[in-house]
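Quick notes on the structure that follows.
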Amino acid sequence: MAAPQRRTDIGPPHYKDFLPPVIQKNYGNWKYHEILEPGVMVHVANSGDKIWSVRVASPRLLSTDTLRDIADIAAKYCGGYLRFTTRNNIEFLVSDEKNLNPLKEELKKKGYMMGGIGPRVSNIVHTQGWIHCHSAASDASGLVKVLMDEFAEYFTKKELPNRVRLAVACCTNMCGAVHCSDIAIVAVHRKIPQIDHEKVPNMCEIPSTIAACPTGAISPDPAKKSVKIKEDKCMYCGNCFTVCPPMEIHDPEYDGVAIVAGGKVGNLRTPPKFSKLVVPFIKNNPPRWPEVVDAVKKILNAYEKGAMKHERVGEWIERIGWEKFFKVTGLPFTHQHIDDFLIARETFRTSAAFKW
Amino acid sequence: MAAPQRRTDIGPPHYKDFLPPVIQKNYGNWKYHEILEPGVMVHVANSGDKIWSVRVASPRLLSTDTLRDIADIAAKYCGGYLRFTTRNNIEFLVSDEKNLNPLKEELKKKGYMMGGIGPRVSNIVHTQGWIHCHSAASDASGLVKVLMDEFAEYFTKKELPNRVRLAVACCTNMCGAVHCSDIAIVAVHRKIPQIDHEKVPNMCEIPSTIAACPTGAISPDPAKKSVKIKEDKCMYCGNCFTVCPPMEIHDPEYDGVAIVAGGKVGNLRTPPKFSKLVVPFIKNNPPRWPEVVDAVKKILNAYEKGAMKHERVGEWIERIGWEKFFKVTGLPFTHQHIDDFLIARETFRTSAAFKW
Amino acid sequence: MSELPKTPLLDELEKGPWPSFVTEIKKAAKKNLMAKDELAQLEKSYTDKRGYWKHGGIVGVRGYGAGVIGRYSSLPDQFPNVANFHTVRINSIAGFFYTSDAIKMMCDIWDKYGSGLTNFHGSTGDIILLGTNTENLEPLFAEFSSRGWDLGGSGSAMRTPSCCVGPARCEWSNIDTLDITYSITQEFQDELHRPAFPYKFKFKTAGCAVDCIASIARADCSIIGTWKGNIAIDQDAVKWYEKNGMNIQEEIVNRCPTKCMSYDGKTLKINDEDCSRCMHCIAKMTKALKPTGERGATILIGSKAPFVIGATLSWVIIPFMKMEPPYTELKEFTRKVWEYWDEYGKNRERIGELIIRRGMRDFLEYVGIQPDPRMVKEPRRDPFYFWKEEELVPNSKL
Amino acid sequence: MSELPKTPLLDELEKGPWPSFVTEIKKAAKKNLMAKDELAQLEKSYTDKRGYWKHGGIVGVRGYGAGVIGRYSSLPDQFPNVANFHTVRINSIAGFFYTSDAIKMMCDIWDKYGSGLTNFHGSTGDIILLGTNTENLEPLFAEFSSRGWDLGGSGSAMRTPSCCVGPARCEWSNIDTLDITYSITQEFQDELHRPAFPYKFKFKTAGCAVDCIASIARADCSIIGTWKGNIAIDQDAVKWYEKNGMNIQEEIVNRCPTKCMSYDGKTLKINDEDCSRCMHCIAKMTKALKPTGERGATILIGSKAPFVIGATLSWVIIPFMKMEPPYTELKEFTRKVWEYWDEYGKNRERIGELIIRRGMRDFLEYVGIQPDPRMVKEPRRDPFYFWKEEELVPNSKL
Ligand code: SRM
Ligand code: SRM
Ligand code: SRM
Ligand code: SRM
Ligand code: SF4
Ligand code: SF4
Ligand code: SF4
Ligand code: SF4
Ligand code: SF4
Ligand code: SF4
Ligand code: SF4
Ligand code: SF4
């Protein structure tokens, strides 16, 4: 069978062809929205037209079976229109109110989980992990699964002071952009790369390997036509491995995850914030990483208990102070928490005011 | 005449020998104070005892004539007790209330200026300048004089939203610690040092000269046994001149002052803050630097008008935002205001929220 | 098709309420050998606590340098069907809107040429077709492209731009996020498909400062909608929120970062001159408050993951840019930025890192933008700065 | 004595209300040739817009390496009396208290051996005797030391410690600032007089977080008094402030940084657990509020002027240290810090710069202090940190 005629540089199809008619009509003319249920909201246009969005949890990793199933559901109740959210949830776009309840019924029956709208825990932004990436120090999908199992009620029902955005990245490349999340997991190594001096000369470009090291720990090893690492400068980031695979950094005995917290991206109230390190290391304990779930739970519970309405995790922490954060969560504060990288001094407490 | 017997390592006299009896008695047992006038306050002890402090402006640079005069006044009204403040004002310490008014009378008669207590402009912390320092890019005492002439009423009478701490440093060594003042002047150069290659080999240690350069602009010039400067990296800080005098940096045509603002050291309400650059350069225009006075006045007036009670200059600016600060003061914003040194990126506006 | 491998560890991840990725892999594995080996290798990873993938060499489709991530199992003997197992990035639809037909069409092709596994979507916003063999790449691409779909970005190229739902279904969008995304994607097809930059370059567009696409955290160029006028207040709607349990003073007025709001129990007031357009009050009282006046976008540059100098957030370069098709100003600005990067960027140096290295002045002058206090949180502290010859007119004030 | 030189420019600085330094110089110049040449050279500086001083070689008194700043006129032919014109730093009294007799005694000596010009005080806190010739240094020192006064610091030495007025005349002092200052000055006489450090080292002590000595901005070691208990409230006094025009809610409660205060028009309440001891409320309502409980100091390290890495503020190293004579803990800590600096510090590297260069962990472990969240504004952002062998017990949680 001859392949069809390939075309290049055509770009994606035009978005207009995928918008439900009610959206095409009221494009840019919405008036307000209301959250009807944790998984259902309605947007009302200036014209009075309405569109209902029914949000459903997705593991992001979808088989074609499941994709076909949701396509069928959308065909049945949504005129064939659906979308995915920026956090990988599925949204069924209902133009006709009478389809709303039947849709919900069918979703319930089929075991789809509705929720995630409003001040709740939504889906976890995450990455490839052991499923596909060479660089992973932990698995992403597994961590997402066990965390969302634990926090499912915060997706389907319970409200929190504000949205809590979770993220998981399976290495410090941080494809999951965990650096600005309310609570996030980033997988880390803790051992110096093992250099395969046989392979380095063929597989690696020495100057970019040296340039890849954030701490300048790598220098040429001219004799071996390879590189060497100054041990006490290496903090196991693995960036050398990214550009030079024979610098093997994985070590199952030492790999695991760190937890960061307090980041956000929106500009509401306070400017976007970086996440900060709260737990420097927890060993990989698959399949269900109970220690990780436990630590995240501690943070989420303390936030739920202590935050004022509309306060994001980072805003809450800034109000109570980091000393109080470590106190109320019971997480230990260690040397690893104190910055020693490029902007370290900006993080030092240059003030004599603090809490006990 | 033989010199008296010298002694070494005896340290300063014991402070107890200089404390008025009422202080000795109530040491560490003060209850409260009240500001009676801009230049007079009373401290009340738990015992009920009182001490009145009468504060008088000082140019800091004092002749022995003047010192003798204030010593005489203190002897007359204060049992011989007086002190200097950490901002170089003179404080007459009155233990007996009946001496208070006579002291004030005499001070007035002799032309001493009382004031500086409470939410006002106090004396300007400053440095040696052309009077004694080899490094000065401007004069300090002169700048202090013209500024305090302008703001005298804020010392003797008028209140402001809070204290306004002014400082002057005559070079970027910043002996005046202008880096944490409400408004401060720092003298700067704007020309690359002229190297006297004859003298460098004898007078300078090459490695420390190279290490002195914050931007790494200096490298050895082995041929001349001297150093050379990479022109486009030099930002005229003069630190090389400090360690190596034959790297002459003074240039009367190009030297002048910068103005910084928004710093503070106390922990009240908000943590201590660095001052930030508000005017990158004003030429030296002695004897009265009218452009400098004018710029400082703009800032002080805008603060007086815009700040809430108890707000320091930096707190006011942080509340209204820097874009508004430049708007209300009318000061121009230039390339020099944007950091490009070590922590530059921490100063970039990583947020989409700002004012017009 | 043969039976599924034993996966006792992964089976644990089919328990619990959240939809299970393991179940998804198993569904595919039932009819697809690649998916089956993926499942088996993953179980081994769970057992050994480590990944078994190797870095790809360059694989791709003819004429393109981007869009495929090469990947090889490091245990090809045990898992021969994933010995090579590349992901294909399909450029998604702006706003992530789809139709049932389009989804099914993709499934049909993917079942034929790949593992049957996907990600909707990858973090950048591509449709990720999760794993296929080298020989399937060309036919797969032919199938997609003949139906009007193209590959997304990878490598040192422009990456697939993405955006929030914006005007399609949000009352706050100040700009047409979908149209901007579509327009730049089409404009820069060459830059997307043929890596020629020092490193990757990402665009993300949000309709307002709520930033539902996290553009400020993970886009070399973040385009965030904003407005220049006042906030219109519907006092009756304010009352409605109060009646429905909102504490206006506490939840709205006290949380306003610029303290420019007041409420006396009757009338909500905003001192618009002091509003920084943070979106808090509007987001929490959508029926009562509406931005008015001129619309446009703030252009920010530079966010990225932590390598090499630590993570960065994008920062303001152009406080306000009008955003009307064909977005000529944005496109010209983009080309100028790339030109600068091309001129000075080192290999694997993102645009933000470059600007930090060379300084804002250098960059601003190159792209022809005046300094503005909105570019900084605060001016510099130290008095260490440069002057240009022309600024050094002797004896002149500045 | 001859007539004063013509100083038309400086004369402009005798106008205006603020006391004039020019008048002071003229007073001295009337009877002192050094002061006269100082005046004349200064007029030339005002005319030419530049200084005319040269860096000193090492000058000093026998057995000391510190206390004198060598200075030479670069126009010795024009101004022979200031051809060499060194300042002498006399160690001031803790708290800057003096008696009329002491002042007069100093004036008598200084008129005899110097210019008759002084600074009360220099920025570090020394009494500055502003200019004398090399040959006068020894007799001058003999006069002072025989009367119980000693030199202050200069060069790469400990510098004259200074402090706020503290318990001598302030109701808020949590520590005996004067006694601490006196005690460390005496303890470290050798370090003060004989430069043996990599660079200068300054101590400043403030009785509370108001920091009236600006210790946090300009001391390598800042000692700031604090307390651990609650704030006692005198509700009648609160009323008194209200009656006298204070808006308690606006001026006190709303400005509390931790939002731990409340006022219902009758009773002021503080949730002490959340108070950060910023001192605002106490300072503004001194009659009503008083710290109670344990007293001590926070020890901060590292502030300095901008060279080489930009200005720094001191940061918390020991959140709380008891402060009782003879201040053994403080002195032992200080020696340990110096030992570390001696071991690792480069020439002209301040202690703060050293700690920034080598990292807090290295320093804390050396001086034997546990990490504490009060040392940081916030924990690090990036996941780039080191582990020690002993922390890497495989398969253990942390
Ligand atoms: C559907 C989605 C956009 C899309 O193009 O897909 C979306 C849609 C809406 N967002 Fe969002 N946000 C979406 C991702 C985000 C993100 C991005 C992210 O999480 O990576 C953020 C930034 C989070 C951050 O700051 O770290 C985000 C922060 C918000 C906020 C701000 C919350 C705050 O106060 O900090 C609002 C405003 C509010 O609800 O008060 C908001 C409000 C909304 C509104 C109400 C806007 C509207 O009028 O339509 C939309 C429905 C609300 C909802 O989900 O509760 N949306 N929203 C995204 C849904 C993701 C999901 O599946 O959960
Ligand atoms: C005398 C002096 C201490 C000394 O040992 O010499 C002193 C004495 C007092 N200070 Fe101070 N401060 C003195 C320098 C400082 C400094 C240091 C400096 O300026 O370099 C500061 C830090 C400034 C900063 O934050 O940048 C300082 C910030 C304060 C404040 C905090 C103001 C604020 O709200 O930010 C107070 C509290 C208040 O008055 O509300 C205060 C309060 C006081 C009180 C009321 C304390 C007391 O109960 O006795 C004292 C008299 C007040 C006055 O002058 O209004 N004092 N005060 C210093 C007088 C300097 C002068 O001549 O003007
Ligand atoms: C697939 C995806 C993760 C996911 O599961 O969603 C991904 C996967 C990879 N990323 Fe990423 N990145 C993905 C989004 C991101 C993001 C988020 C974003 O784009 O919004 C980031 C952070 C933002 C940024 O750009 O900095 C990100 C930061 C990185 C980095 C660090 C770049 C840096 O400048 O520090 C690397 C390392 C590199 O480029 O060599 C990287 C490299 C990689 C590589 C290509 C690993 C490698 O060196 O070969 C991963 C391939 C995995 C695989 O086997 O398929 N990936 N990567 C995301 C792309 C899907 C898509 O196209 O939609
Ligand atoms: C006299 C005094 C200024 C004044 O008029 O008050 C002063 C004067 C000088 N300082 Fe200073 N510094 C004085 C307090 C300060 C302070 C403030 C303080 O101590 O509280 C600072 C800022 C805080 C700090 O220590 O960083 C200060 C930071 C410097 C620096 C920069 C040090 C650095 O690490 O960046 C230098 C440069 C150097 O050490 O080579 C310096 C160097 C100098 C020299 C010795 C210039 C030199 O290189 O020869 C000046 C001698 C002037 C002269 O001719 O007498 N001076 N110097 C102050 C000392 C008087 C006293 O002992 O009481
Ligand atoms: S975060 Fe690291 S391991 Fe995970 S997908 Fe990205 S590059 Fe791969
Ligand atoms: S792991 Fe990171 S720190 Fe260590 S050598 Fe490699 S790049 Fe450098
Ligand atoms: S600031 Fe500079 S010029 Fe002024 S006294 Fe200090 S070192 Fe000398
Ligand atoms: S003036 Fe400053 S920047 Fe220029 S060469 Fe000297 S030390 Fe370096
Ligand atoms: S970023 Fe703004 S415009 Fe876009 S979806 Fe979110 S709230 Fe709406
Ligand atoms: S948008 Fe933000 S700054 Fe503006 S009024 Fe609303 S809350 Fe205040
Ligand atoms: S620092 Fe505190 S104790 Fe010392 S004088 Fe100032 S207010 Fe009083
Ligand atoms: S000392 Fe500061 S933090 Fe504590 S109650 Fe008073 S104002 Fe609030």
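All figures in this text were calculated on a predicted structure; none of them were measured in a lab. Proteins come first, then strands; the chains are lettered A, B, ... in the order of their sequence lines, and each starts at number 1. No hydrogens, no waters, no symmetry mates; every other heavy atom, side chains included, goes into these values.
- For the pair A:Arg190 and A:Tyr254, the cation-pi criterion (under 6.0 Å, within 45° of the ring axis) is not fulfilled.
- If you check the side chains of A:Thr347 and D:Glu378, you find no donor sitting under 3.5 Å from an acceptor.
- Heavy atoms closer than 4.5 Å to chain D are found in the backbone of A:Glu346, but not in its side chain.
- Using a 3.5 Å distance cut-off with no hydrogens or angles, the side chains of A:Asn162 and A:Glu311 do not pair a donor with an acceptor.
- Ranked by heavy-atom pairs shorter than 4.5 Å toward chain A, the options D:Val376, D:Leu313, D:Thr312 are led by D:Val376.
- There is a side-chain donor-acceptor pair under 3.5 Å between D:Glu339 and D:Tyr366.
- Interface remark: of the candidates D:Asp211, D:Leu300, D:Asp372, D:Asp372 forms the most heavy-atom pairs closer than 4.5 Å to chain A.
- Inspection of the D:Thr286 and D:Trp172 side chains reveals an N or O donor paired with an N or O acceptor under 3.5 Å.
- Both the backbone and the side chain of A:Phe341 come within less than 4.5 Å of a heavy atom in chain D.
- Of all the listed residues (D:Pro319, D:Cys208, D:Cys275), the one sharing the greatest number of non-hydrogen pairs under 4.5 Å with chain A is D:Pro319.
- Note on A:Lys324, A:His179, A:Met174: by heavy-atom pairs under 4.5 Å with chain D, the leading option is A:Lys324.
- Using a 4.5 Å cut-off between heavy atoms, D:Asp362 does not touch chain A at all.
- Only the backbone of A:Asp232 has a heavy atom closer than 4.5 Å to any heavy atom of chain D.
- Side-chain contact check for A:Asp255 and A:His189: at least one donor-acceptor pair (N or O, by modelled atom type) lies under 3.5 Å.
- Checking D:Arg348 against D:Tyr199 by side-chain atom types alone, a donor-acceptor pair falls below 3.5 Å.
- Looking only at atom types and distance, the side chain of D:Tyr327 has a donor-acceptor partner in the side chain of D:Asp179 under 3.5 Å away.
- Side chain to side chain, D:Thr292 and D:Asn230 fail the donor-acceptor criterion of an N or O pair below 3.5 Å.
- Contacts between A:Ile343 and chain D at a heavy-atom distance below 4.5 Å involve the side chain alone, from C-beta outward.
- Interface residue D:Ser314: only backbone heavy atoms are found under 4.5 Å from chain A.
- Taking the ring centroids of D:Phe201 and D:Phe203, they lie under the 6.0 Å cut-off.
- For a residue to count as touching a neighbouring chain, one of its non-hydrogen atoms must lie under 4.5 Å from one of that chain's; by this rule A:Lys233 touches chain D with the backbone only.
- Note: D:Met360 leads D:Lys388, D:Met279, D:Gln370, D:Met360 in heavy-atom pairs under 4.5 Å with chain A.
- Note on ring orientation: taking the six-membered ring where Trp is involved, the planes of A:Trp289 and A:Trp130 are tilted (angle from 30° to 60°).
- Proximity to chain A is absent for every atom of D:Ile317, based on heavy atoms less than 4.5 angstrom apart.
- For chain A, no part of D:Glu353 is nearby; none of its heavy atoms comes within less than 4.5 Å.
- Contact annotation for A:Tyr236: only side-chain heavy atoms (C-beta onward) come within less than 4.5 Å of a heavy atom of chain D.
- When each of D:Pro257, D:Pro383, D:Cys278, D:Ala209 is scored by its heavy-atom pairs under 4.5 Å with chain A, the top score falls to D:Pro383.
- When heavy atoms are compared at a cutoff of 4.5 Å, A:Phe326 approaches chain D solely by way of its side chain, counted from C-beta outward.
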